[in-house]
Amino acid sequence: MIVSPSLLAADFANLGKEIEMINRSKADWLHFDVMDGVFVPNISFGFPVLESVARLCQKPLDVHLMIENPMKFVRQFSDLGTYMMTLHYEACPHLHRNIQQIHEAGMKAGVALNPHTPVSLVEDVLADADMILLMTVNPGFGGQKFIEHSIDKVRKLRRVIDEMGTDTLIQVDGGVNLETGRRLAEAGVDVLVAGSYVFGAERPEERVESLRCL
């Protein structure tokens, strides 16, 4: 299992130490949520914070854009060394073109779906997208309760990907802990994003390892 701890749940007063912990851990990626207060009702990080994190972090950056007009910033994210740039289906009327632009900028391309958005709507880009991110809470805030329907949604997407024979990864974000993580793994998830379950623990590195073993 690929594990991508979500920096949104970190202690921002000790951000350097939190990044050092991620570097020591067996985390595969670092998940970085960007919110604009328009697409979602919250504001998170901007480029000054991301630039600082990119300098310190030794893990690939998994950037999740919960913003309007995400392609406006594709070059800036590429210049920072972003590994995976994920934008929302709901924010992109020209999604196929946007995936191509992300690839042309040297990054992997992910497509995120809100809880109400059916997986059938991304079937036509599965051959092009590197990852589909299923939101298992409503985007905008950390610490929310896991939406149970997400398990069935993962199964549906897993079935479609297997039938099409693509290498598209399935990522989930929201309410992930050891119990929900195990169920998601059984349903076919490839990448777990975990926030408070990792950063809120006394031994966060052990939490990361427990998820990687699922």
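Along the sequence shown, residues carry numbers from 1.
Side-chain atoms of Val111 and Leu133, non-hydrogen and from C-beta on, never get closer than 4.5 Å to each other. Counting only heavy atoms from C-beta outward, the side chains of Ile67 and Phe73 approach each other to under 4.5 Å. Residues Tyr197 and Val176 fail the side-chain proximity criterion, which asks for heavy atoms closer than 4.5 Å. By the 4.5 Å heavy-atom criterion applied to side chains, Ile102 and Met71 are counted as neighbours. Using a 4.5 Å heavy-atom cutoff, the side chains of Leu7 and Leu15 are in contact. The side-chain heavy atoms of Phe39 and Glu68, taken from C-beta on, include a pair separated by under 4.5 Å. For the pair Asp79 and Glu51, the minimum side-chain heavy-atom distance is 4.5 Å or more.
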*Under the side-chain contact (heavy atoms from CB on, under 4.5 Å) criterion, do Val74 and Met107 qualify, and how do the steps go?*
CA-CA 9 Å; Val74 63; Met107 297 176 286; 3.7 Å; yes
*Carefully, step by step, assess Asn98 and Gln101 under the rule side-chain hydrogen bond (donor to acceptor under 3.5 Å, both in side chains).*
CA-CA 5 Å; Asn98 298 154; Gln101 290 171 314; 3.1 Å; yes
*Going through the checks in order, is the side-chain hydrogen bond (donor to acceptor under 3.5 Å, both in side chains) test met by Asp128 and His103?*
CA-CA 9 Å; Asp128 302 287; His103 285 155; over 6 Å; no
_Asp36 vs Met66, side-chain contact (heavy atoms from CB on, under 4.5 Å): CA-CA, chis, key distance, verdict_ = CA-CA 7 Å; Asp36 62 0; Met66 289 174 269; over 6 Å; no
_Run the side-chain contact (heavy atoms from CB on, under 4.5 Å) test on Val34 and Phe47 for me, step by step, so that the C-alpha distance in whole Å, both residues' side-chain angles and the decisive distance to 0.1 Å come before the verdict._
CA-CA 9 Å; Val34 180; Phe47 281 106; over 6 Å; no
_Using side-chain contact (heavy atoms from CB on, under 4.5 Å), reason through Leu113 and Leu121 one step at a time and then give a plain yes or no._
CA-CA 9 Å; Leu113 299 180; Leu121 294 178; 5.6 Å; no
_Could you go through Ser6 and Asp173, starting from their C-alpha distance and side-chain angles, then the distance that decides it, and tell me whether this counts as side-chain hydrogen bond (donor to acceptor under 3.5 Å, both in side chains)?_
CA-CA 9 Å; Ser6 176; Asp173 182 1; 5.3 Å; no
*Evaluate side-chain hydrogen bond (donor to acceptor under 3.5 Å, both in side chains) for Gln171 paired with Ser4, printing each intermediate quantity in order.*
CA-CA 9 Å; Gln171 183 182 68; Ser4 186; 4.6 Å; no
_Step-by-step salt bridge (charged side-chain N to carboxylate O under 4.0 Å, His left out) determination, Arg155 to Asp152_ = CA-CA 5 Å; Arg155 290 195 185 103; Asp152 289 334; 2.9 Å; yes
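Heavy-atom neighbours of Lys156 NZ from other residues, nucleotides or ligands within 6.0 Å: at or below the threshold of 12. Heavy-atom neighbours of Asp11 CG from other residues, nucleotides or ligands within 6.0 Å: above the threshold of 12. The environment of CG in Asp124 is sparse: at most 12 heavy-atom neighbours from other residues, nucleotides or ligands sit within 6.0 Å. Other residues, nucleotides and ligands contribute more than 12 heavy atoms inside 6.0 Å of the CZ atom of Phe45. In this structure, Arg24 places its CZ atom where more than 12 heavy-atom neighbours from other residues, nucleotides or ligands lie under 6.0 Å away.
Atom-to-atom distance recorded for Phe77:CZ and Leu50:CG is 6.0 Å, nearest 0.5 angstrom. Atom CG of Leu192 sits about 10.0 Å away from atom CG of Asn177, to the nearest 0.5 Å. Once rounded to the nearest 0.5 Å, the distance linking CG of Leu211 with CG of Leu184 reads 10.5 Å. The CG atom of Asn14 sits 11.5 Å away from atom CD1 of Ile19, with the distance rounded to the nearest 0.5 Å. With rounding to the nearest 0.5 Å, the separation of CG in Leu87 from SG in Cys92 is 4.0 Å. Interatomic distance, Phe12 CZ to Glu18 CD, rounded to the nearest 0.5 Å: 9.0 Å.
Exactly one of Asp62, Leu65, Val53, Thr82 qualifies for a side-chain contact (heavy atoms from CB on, under 4.5 Å) with Phe32. That residue is Val53. Of the listed residues (Val172, Ile170, Val119), just one forms a side-chain contact (heavy atoms from CB on, under 4.5 Å) with Lys153, and that residue is Val119.
The pair Glu179-Arg183 meets the salt-bridge criterion, with a side-chain N (NZ, NE, NH1 or NH2) lying under 4.0 Å from an Asp/Glu carboxylate O. The residues Arg212 and Asp28 are annotated as salt-bridged, a charged nitrogen and a carboxylate oxygen being separated by less than 4.0 angstrom.
Nearest approach of Ala9 to Phe199, heavy atoms of both residues: O-CB, 3.4 Å. Nearest heavy-atom pair, Ala185 versus Met1, reported as atom, atom and distance to 0.1 Å: CB-CE, 3.5 Å. Leu214 approaches Gly181 most closely through the heavy-atom pair CD1-C, 3.4 Å. For Ser25 against Lys59, the heavy-atom pair with the smallest separation is O-NZ, 3.0 Å. Contact record, Val137 with Gly175: CG1-N, 3.9 Å, taken as the closest heavy-atom pair. Nearest approach of Met85 to Pro70, heavy atoms of both residues: CE-O, 3.8 Å.
Val63 is connected to Tyr89 through a chain of hydrophobic side-chain contacts under 4.5 Å among Ile, Leu, Val, Met, Phe, Trp and Tyr, so both are in one cluster. Under a hydrophobic-cluster definition in which Ile, Leu, Val, Met, Phe, Trp and Tyr are linked whenever side-chain heavy atoms come within less than 4.5 Å, directly or via other members, Val160 and Val125 are assigned to the same cluster. Taken together through direct or relayed side-chain contacts under 4.5 Å among Ile, Leu, Val, Met, Phe, Trp and Tyr, Val198 and Leu8 form part of one hydrophobic cluster. When hydrophobic clusters are built by joining Ile, Leu, Val, Met, Phe, Trp and Tyr residues whose side-chain heavy atoms come closer than 4.5 Å, directly or via intermediates, Val191 is grouped together with Met84. No path of Ile, Leu, Val, Met, Phe, Trp and Tyr side chains, each step under 4.5 Å between heavy atoms, connects Val40 with Ile43, placing them in separate hydrophobic clusters.
Ring geometry for His88 against His64 counts as parallel: the plane angle stays under 30°, on a 0 to 90° scale with 60° as the upper cut.
Although no hydrogens or angles enter the test, the distance criterion places no donor-acceptor pair under 3.5 Å between the side chain of Thr136 and the main chain of Ser150. Counting only distance, with no hydrogens or angles, the side chain of Ser78 and the backbone of Arg75 share no donor-acceptor pair below 3.5 Å.
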